[in-house]
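Here's the structure, in structure tokens; my notes come after.
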Amino acid sequence: MIHSLFLINSSSDIFLEKHWKSVISRSVCDYFFEVQEKAGEAENVPPVIHAGHHYLINIYREKIFFVSVIQSEVPPLFVIEFLHHVAETFQDYFGECSESAIKDNVVIVYELLEEMLDNGFPLATESNILKELIKPPNILRSVVNSITGSCNVGETLPTGQLSTIPWRRAGVKYTNNEAYFDVVEEIDAILDKTGSVVFAEIQGVIDACVNLTGMPDLTLSFMNPRLLDDVSFHPCVRFKRWESERVLSFIPPDGNFRLLSYHVSAQNLVAIPIYVKQNISFFETGSSGRLDITVGPKQTMGKTVEAVFVTINMPKVVLSANLTATQGNYTYNPVTKTLVWDIGKLSQQKLPNLKGSLTLQCGAPKPEESPSLNIDLKIQQLAISGLKVNRLDMYGEKYKPFKGVKYVSKAGKFQVRT
Amino acid sequence: MTPMQKLLQLPVNAVNIVKTVQAQAQEEARSPVLTPDSIQQNWYSAVQPEELRNLKVAGTGGGDSEERAPLEEGVTSAQTQPLRHDDLKEMLDSNKDSLKLEAMKRIVAMIARGKNASDLFPAVVKNVACKNIEVKKLVYVYLVRYAEEQQDLALLSISTFQRGLKDPNQLIRASALRVLSSIRVTIIVPIMMLAIKEAASDMSPYVRKTAAHAIPKLYSLDPEQKDQLIEVIEKLLADKTTLVAGSVVMAFEEVCPERIDLIHKNYRKLCNLLIDVEEWGQVVIINMLTRYARTQFLNPNVNESLLEESGEKAFYGSDDEEGKEEKAEAAALAKRKPYVMDPDHRLLLRNTKPLLQSRNAAVVMAVAQLYFHLAPKAEVGVIAKALVRLMRSHSEVQYVVLQNVATMTIKRRGMFEPYLKSFYIRSTDPTQIKILKLEVLTNLANETNISTILREFQTYIKSMDKDFVAATIQAIGRCATNIGEVRDTCLNGLVQLLSNRDELVVAESVVVIKKLLQMQPEQHSDIIKHMAKLTDNIQVPMARASILWLIGEYCEHVPKIAPDVLRKMAKTFTNEEDIVKLQIINLAAKLYLTNSKQTKLLTQYVLNLAKYDQNYDIRDRARFIRQLIVPTDKSGALSKYAKKLFLALKPAPVLESPFKDRDHFQLGSLSHLLNAKAGGYQELPDWPETAPDPSVRNVEVPEWTKCSSREKRKEKKVEKPFYSDSEEESGPTESADSESDSASGSGSGSESEESGSGSESEESREESESEQEDKEDEEDKRKKKKKTDRGKVKAPAVESPESEESSGAEEKNRAQKVKGRRSGSESESEEEEESESESSRSESESESESESDTDAKKKKKAPVTKPPPKQAKKESKKEKKEMSLLDLDDFEPTPSPQVTPVNNFLSSSLVTDLEGLSLTDTVMAPTTIAPSGSVKTYELLHRITGEGLGVEYCFSRQPFSPDAHMVAVQIMFTNNTNAETKNLHVEDPKLQSGMRIKEFPEIELLPPGEMVTVVMGIDFCDSTQAANFQLCTHIRKFFVSIQPPVGELMMPVFMTENEFKKEQGQLMGMNEISEKLTLGEKCQNEHGIVQRVTSAANVSRVPCGSDKECRFAGKTVSSGILVLVTVATKEERAAQLTVNCEKMVIGTMLVKDILQALTQ
């Protein structure tokens, strides 16, 4: 399946290569560079490139291209998912998936890649098994290792590979037994010029951090499970139980994991927590334009909207912006042509407003395109869909764990058209 | 054998090579890392001329410095001097693991950066047997990378791996095989083959998985091994563990994807395992099963697809030709029979559906394509939601998903219509995603939603991304051509765009308008006029050319304007782009032909200009056209047809999706994405006209039980030599005894495979005759048979350890009778063995036979084609005889209790008796409900190993009074020695955590020949882990272990039907395990089922209104968890077994046990 992997940084250097079958010359990447040049921006590089006798399937993560070489038919998503999984594993191991982190830990990276694929076919991809095989680096261990000469490779054999629940290792022990669940919802919306909703839906995830001793069997139930329209589970969740009772029953992996991602359909009315009044216009003459934006809270169920940002990608001809904000600060980057207005908290009484003039390139015709506003926001202690966790029960172990649930709503791809 | 010999010799040579290399290395590089003072000069003196050259090159090229810099990064200690490979060699040769490790890390870092480290091979390969695991692993990494280049040296390492292959630890075996198979050295192909074959039948599923991984490796190394590898694949395909399934299917796909026949027998198993296979394996299996299903099942949409297609065609205003096709197809349709879906087809669809909820996009996509290609149209819709969900994922995932959605929307538009808005475009999407979304939106457009879509498109046109705007305009054009109603609206919209300031937008609009106008030019002369005006402003050549072409083509509709346009163009001719010039010539020619009065001079002028143009194409064109349109004497025949040539009716262009017909590639595949066949792509076959025989997928259950039980037996043999004794050495005298037992039904018969067929089906048919036959004659036959069949047919008498203890004269008598009967059946079985599939079906026996003997006999009688009265007579006669036998059987179920009748034992059997009475046919009850089935006796200590002390145990199913959480185990001691055994007691129990033992009171004295029964309690903690302890006498200690069958870990619970239903309702989902099964011959009626189930597990029957269902309830002894069993019978012998239990392990094991009990 996956023949080789090349990691390429933003300046087109191949800084790591790994082959699972016979070696393929790195000149195969020339095809990639060619396409990359043509595509201009990194995000426009097509994920699948036909390169002579090979196919290159690549992903772009954290300013690194993961380019895999494929020789024969394979589902492209298979490879793409795997590469993302690799990137996530690096993230998990080194705290970040950057070029320098990979270069610093090149041996661990190599060991990981060796375990994750066998002959190009995924072998051990569960992070729990990998961590049993190869210990993640930390400062203390690296100091100890350099003194004692011991190593990062686990001495124990990875028994997790043999288990029927490969995501959890045996013999987990904690003094504080805790289980935290974060319900994070993102609102994807498109509002049109007049502020009416063109499209809105809620995408949610439940991220868990479970530090429990032994083999706990957890059951998480919701007050209103019918809200969840479409769900995808971590493999630990018992699907049949969900089908029949709408409760999540699972033996959790150890540590952080994404338990569930869900979708609240557009059929249910999505409460849009803010409204935006905007007017951006350019004048036919005088090379200038005017901008006036007001943001206000709406349908927030008594919570405050925080960390509000408005980002606008201005047309190329806009040279500078001379604005006044009644709340927060704004910055205009004349190179990337982005205007960012950091509002902060929204208060009901005084609506934040940004107003002023835009200077255009001299002599340039009035831009026809209309920039759209991207909104960022955050509401603590609220799941905008109204989803609520009912209770969490633990079976199989005797102790009493500490349980916590947190709700956050955020703006996902929240866009206002002008 | 030559490669092998070569191999045996080679290491010796190789070692020599290494030695010399080492010697050199040591001589050359006396650069002791530990004495850094002298390092520099030593190093330079060690450099060979060749290396010096390299150094120079490196110095100029700068490659070396680049190489060195990161090396120093890795240096953690104080070593700052430049390191060359010699130093690395030195470090590798050192005794310290830390130095070795450091060296290996640097080498791996070099490999990672793509630097050549092959010259270190000899130094590295020596460390393959290093004790330090990390060093070892890094050496493996190195080895796999360079072995191909240094084949001879690589052989040095082979013996290490071969040793590893024999390691008792499964993980070490696996990793040895993994590395061994990764070494691409052709000479070790036979070794690899051997290793793979061995590993394929390894006990550990993990090793088998590794074997499956190794198969494609070997195949790519030496394709000639294909046939042998296919054998291994076939074997591994039959594997029942989820661990192996994904890997072996992967191997199958790489080695022999064409051998679809290998899948038949494993199809259902794969479907059922699928949900538990790891996600990567799921993808591969689903893709393979899609192909399989296409070859084996009928098209579920034969009828619908035709209707649907014809509907769509009509909608698009189909041609006559298509109409004809439709008719033909409709005719064919009428002939077709109504479609019935193969249950296996349904199974696949049902078992893959939950995977749409996977977190892995590849799995979701795999299921989606499976549904798209295989599901009936009405069911395909379920995938839409999941695919739309994937659009939230990474942009690469979006890209692939959108490509597939685009293809799907062409065939099945309705499916995605509800999700239209999810494809709306955001300004932040990457351009390639925008364009794909646009494609999907265009495909989804129809009369009802076109207005929303067009409104959406209008906002897109204002985007800053010009490529995207151009694509939007094209999309509008496509909507306009596809949907007649909005053509005018679109056209007007596009015309408005003509006044856009952006040239690209205008140009694209012109091109699209041109295409649209071609469809109905008559009505749009004003648009043409408007466009004519645009020639003053538009500078984009393509757009100008398009306008000119339009005016020329439809000059009759704009007779006044056209000559004027030509006049203007003639003026600017010299400054135009080439394509515009060509169109000007075109326009001139067309006008000349239609309106020569006004344009004759202009045309002449233009042609003259063109004649002297710099571009020869234009000169040629001008010359050609002049000849064609201006009649001269020289002009040939063609000029007569000039008008026809120029003003012919041109067909309107068809604007269609680039994704049309892409679905002949399997969706989700690389080939589909590229729209070109990728290497190794397996075509998705067309549906067969008629379905191939579905029976190929039928699995004879016993076939694999047989092999598994054979394996089991192997193990048993090792553990308990007694079994093998009696199996293999059961001579004529012994066999008499042992037979009696197996016949009387106390056999722990799961081991007997073939014997079952002999004893079960035949005896019932034949016994009446055989009874009358001469005993001795039979015995001869039997002996003969024994001899001939011993290898294969392990004597039916095998598995009754008690046999030897039975000594009563009465019993012998009985035994002989039985033997006589049995032997008849034996001989019969021999004759029928090959032809009888029935018998083979019931081959594997896990149960006592005689308990249901009479029962079965009665049943069996029915199909026998003898006249009823005679039959009845025989039956009654036989029953008389049998009665005496059965009486014994009933009340002395096993030989041991005969000698020491135990109260509780009997009473327990009575309980089952009574239960049977109350629930089953009363006529049958007294004779057939044999408790013996529920009380199997197990060997704890054989009399030989026990030096004369024989110990057996059974689960008496009585509550253990001292502690209710314990399972009562009844232990029977027999002293076979001549001396007394004293102080029998339990010592030193080694138990799993949580388990407890309540020992039996010490037996102070056991006189020779005597037997004593005691009861002890064990709390197994609801697990089937064995309880190990020592059994001590006054002289010896014996290690023994008691392992409970899962059915013995529970005790009956009485509940009402309603309670049962309520409890069951709470144990759904993961707590419910159900299996389909085909009932064995003897348990087709309710009574049989009840008996089998209660013998397999200590549960009690729950009254039930329906006669189609038998329900049982029990709770585990230790923790009191409910266990509910339901057997629902259906037509024929099909039935469904459902077990609800909170503890899944118990549930699963119980299902297995009951299944086995019921299928025989």
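Worth knowing before you read on, the calculation uses all heavy atoms, side chains too, and leaves out hydrogens, waters and symmetry mates. Residue numbering restarts at 1 for every chain, and letters A, B, ... go by the order of the sequence lines.
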- prompt: Is there side-chain contact between A:Pro371 and B:Met464, with heavy atoms separated by less than 4.5 Å?
  reply: yes

task: Assess whether salt bridge (charged side-chain N to carboxylate O under 4.0 Å, His left out) is satisfied between B:Lys115 and A:Glu17, documenting all intermediate values.
output: CA-CA 10 Å; B:Lys115 304 291 171 210; A:Glu17 64 177 69; over 6 Å; no

- request: Kindly determine whether A:Asp188 and B:Arg392 satisfy side-chain contact (heavy atoms from CB on, under 4.5 Å), including the steps that lead there.
  value: CA-CA 10 Å; A:Asp188 286 358; B:Arg392 275 282 292 188; 2.5 Å; yes

- prompt: Tell me, side chain or backbone of A:Leu16 under 4.5 Å from chain B's heavy atoms, or both, or neither?
  reply: both

message: In the structure I gave you, are the side-chain heavy atoms of B:Thr428 and A:Lys413 within less than 4.5 Å of one another anywhere?
response: no

Taking every non-hydrogen atom, the tightest pair across B:Pro354 and A:Phe239: CB-CE2, 3.2 Å

- line: Among A:Val48, A:Ile70, A:Val231, the residue with the most heavy-atom pairs under 4.5 Å to chain B is A:Val231

- request: Take A:Ile190 and B:Lys421 through the test side-chain contact (heavy atoms from CB on, under 4.5 Å) and record every step on the way to the result.
  value: CA-CA 10 Å; A:Ile190 301 175; B:Lys421 287 185 172 177; over 6 Å; no

Reported CG-to-CZ distance for the pair A:Asp192 and B:Arg455, which is rounded to 0.5 angstrom: 9.0 Å

- prompt: Below 4.5 Å, heavy atoms only, C-beta onward: do B:Arg178 and A:Glu114 meet side chain to side chain?
  reply: yes

- request: Rounded to the nearest 0.5 Å, what's the gap from CE on A:Met1 to CH2 on B:Trp280? Could you check?
  value: 10.5 Å

- prompt: So, do A:Val106 and B:Val108 sit near enough that their side-chain heavy atoms are less than 4.5 Å apart?
  reply: no

query: So do B:Val283 and A:Pro75 actually touch side chain to side chain, heavy atoms under 4.5 Å?
result: yes

message: Which atoms of A:Phe233 are under 4.5 Å from chain B, going by heavy atoms: the side chain, the backbone, both sets, or neither?
response: both

message: Taking side chain as everything from C-beta outward and backbone as N, CA, C, O, which of these in A:Val109 sits under 4.5 Å from a heavy atom of chain B? Side chain, backbone, both or neither.
response: neither

message: On a heavy-atom basis, which atom in B:His213 and which in A:Leu123 lie closest, and how many Å separate them?
response: NE2-CD1, 3.7 Å

- request: Measure distances from A:Lys21 to the heavy atoms of chain B and classify the residue's part below 4.5 Å as side chain, backbone, both or neither.
  value: both

query: Under a 4.5 Å cut-off applied to non-hydrogen side-chain atoms, are A:Glu73 and B:Gln682 in contact?
result: no

- prompt: What pair of heavy atoms forms the shortest contact from B:Val397 to A:Ile80, and how long is it?
  reply: CG2-CG2, 3.8 Å

- request: Please look at A:Glu126 and chain B and tell me whether the side chain, the backbone, both or neither of the residue comes under 4.5 angstrom of a heavy atom of that chain.
  value: side chain

statement: Applying a strict 4.5 Å limit to non-hydrogen atoms, the region of A:Tyr60 in contact with chain B is both

task: Could you tell me whether the side chain of A:Asn44 and the main chain of B:Gln432 form a donor-acceptor pair under 3.5 Å?
output: yes

query: What do the steps show when you test A:His234 against B:Arg359 for side-chain contact (heavy atoms from CB on, under 4.5 Å), and what is the final call?
result: CA-CA 6 Å; A:His234 189 275; B:Arg359 62 168 174 177; 3.4 Å; yes

- line: The interface call for B:Ser422 against chain A, heavy-atom contacts under 4.5 Å, is both

- prompt: Quick one: what part of A:Phe82 sits under 4.5 Å from any heavy atom of chain B, side chain, backbone, both or neither?
  reply: both

message: If I measure from the heavy atoms of chain B, does A:Phe78 come under 4.5 Å with its side chain, its backbone, both, or neither?
response: both

task: Please state whether the side chain, the backbone, both or neither of A:Ala189 comes within less than 4.5 Å of a heavy atom of chain B.
output: backbone

query: Say you draw a straight line from CD of B:Glu254 to CZ of A:Phe121; how long is it, rounded to the nearest 0.5 Å?
result: 9.0 Å

- request: Check whether A:Ser232 gets within reach of chain B through its side chain, its backbone, both or neither, counting any heavy atom under 4.5 Å.
  value: both

task: Name the region of B:Tyr146, side chain, backbone, both or neither, that has any atom closer than 4.5 Å to a heavy atom of chain A.
output: neither

Polar contact flag, side-chain donor to acceptor under 3.5 angstrom, A:Glu43-B:Ser395: no

field: Distance, nearest 0.5 Å, that separates CH2 of A:Trp20 from NZ of B:Lys217
entry: 13.0 Å

query: Which one of A:Pro76, A:Gly412, A:Ser261, A:Pro315 has the most heavy-atom pairs closer than 4.5 Å to chain B?
result: A:Pro76

message: Less than 4.5 Å to any heavy atom of chain A: does that hold for the side chain of B:Val469, its backbone, both, or neither?
response: neither

- prompt: Quick one: CG on A:Asn119 to CG on B:Leu218, what's the gap to the nearest 0.5 Å?
  reply: 10.5 Å

task: Check each atom of B:Met250 against the heavy atoms of chain A and say whether the ones under 4.5 Å are side chain, backbone, both or neither.
output: side chain

- prompt: Within a strict 4.5 Å, meaning less than it, do heavy atoms of the A:Tyr110 and B:Leu138 side chains meet?
  reply: no

query: So what's closer than 4.5 Å to chain A heavy atoms on B:Ile425: side chain, backbone, both or neither?
result: backbone

- line: By side chain to side chain contact (heavy atoms under 4.5 Å, CB included), A:Asp230 pairs with (sequence neighbours left out) A:His263, B:Gln357, B:Lys385, B:Arg389

- prompt: Will you find, in the side chains of A:Glu81 and B:His394, an N or O donor that is under 3.5 Å from an N or O acceptor?
  reply: no

query: Given B:Arg426 and A:Phe199, is the side-chain contact (heavy atoms from CB on, under 4.5 Å) satisfied, shown in steps?
result: CA-CA 11 Å; B:Arg426 293 181 168 79; A:Phe199 165 74; 3.6 Å; yes

message: Less than 4.5 Å to any heavy atom of chain A: does that hold for the side chain of B:Asn287, its backbone, both, or neither?
response: side chain

task: Among the options A:Asp118, A:Ile59, A:Val107, pick out the one with the most heavy-atom pairs lying under 4.5 Å from chain B.
output: A:Asp118

task: Could you look at B:Gln282 and say if it's the side chain, the backbone, both or neither that has a heavy atom under 4.5 Å from chain A?
output: neither

- request: Heavy-atom distances under 4.5 Å only: say whether B:Tyr399 touches chain A with side chain, backbone, both or neither.
  value: side chain

Proximal component of B:Ser427, with respect to chain A [non-hydrogen, under 4.5 Å]: both

query: B:Arg184 versus chain A, heavy atoms under 4.5 Å apart: side chain, backbone, both or neither?
result: side chain

- request: Select one option (side chain, backbone, both, neither) describing which atoms of B:Val388 are under 4.5 Å from chain A's heavy atoms.
  value: neither

- prompt: How about A:Glu201 and B:Tyr419: do any of their side-chain heavy atoms sit closer than 4.5 Å?
  reply: no

message: Please report the interatomic distance CG(B:Asn404) to CG(A:Leu77), rounded to the nearest 0.5 Å.
response: 7.0 Å

query: Between the side chain of B:Glu148 and the main-chain N/O of A:Ser22, is any donor-acceptor distance below 3.5 Å?
result: no

- prompt: Which answer fits B:Lys466, side chain, backbone, both or neither, if we ask what part of it has an atom under 4.5 Å from a heavy atom of chain A?
  reply: side chain

query: Measuring heavy-atom distances to chain B, does A:Arg61 have an atom under 4.5 Å in its side chain, in its backbone, in both, or in neither?
result: side chain

query: B:Lys677 versus chain A, heavy atoms under 4.5 Å apart: side chain, backbone, both or neither?
result: backbone

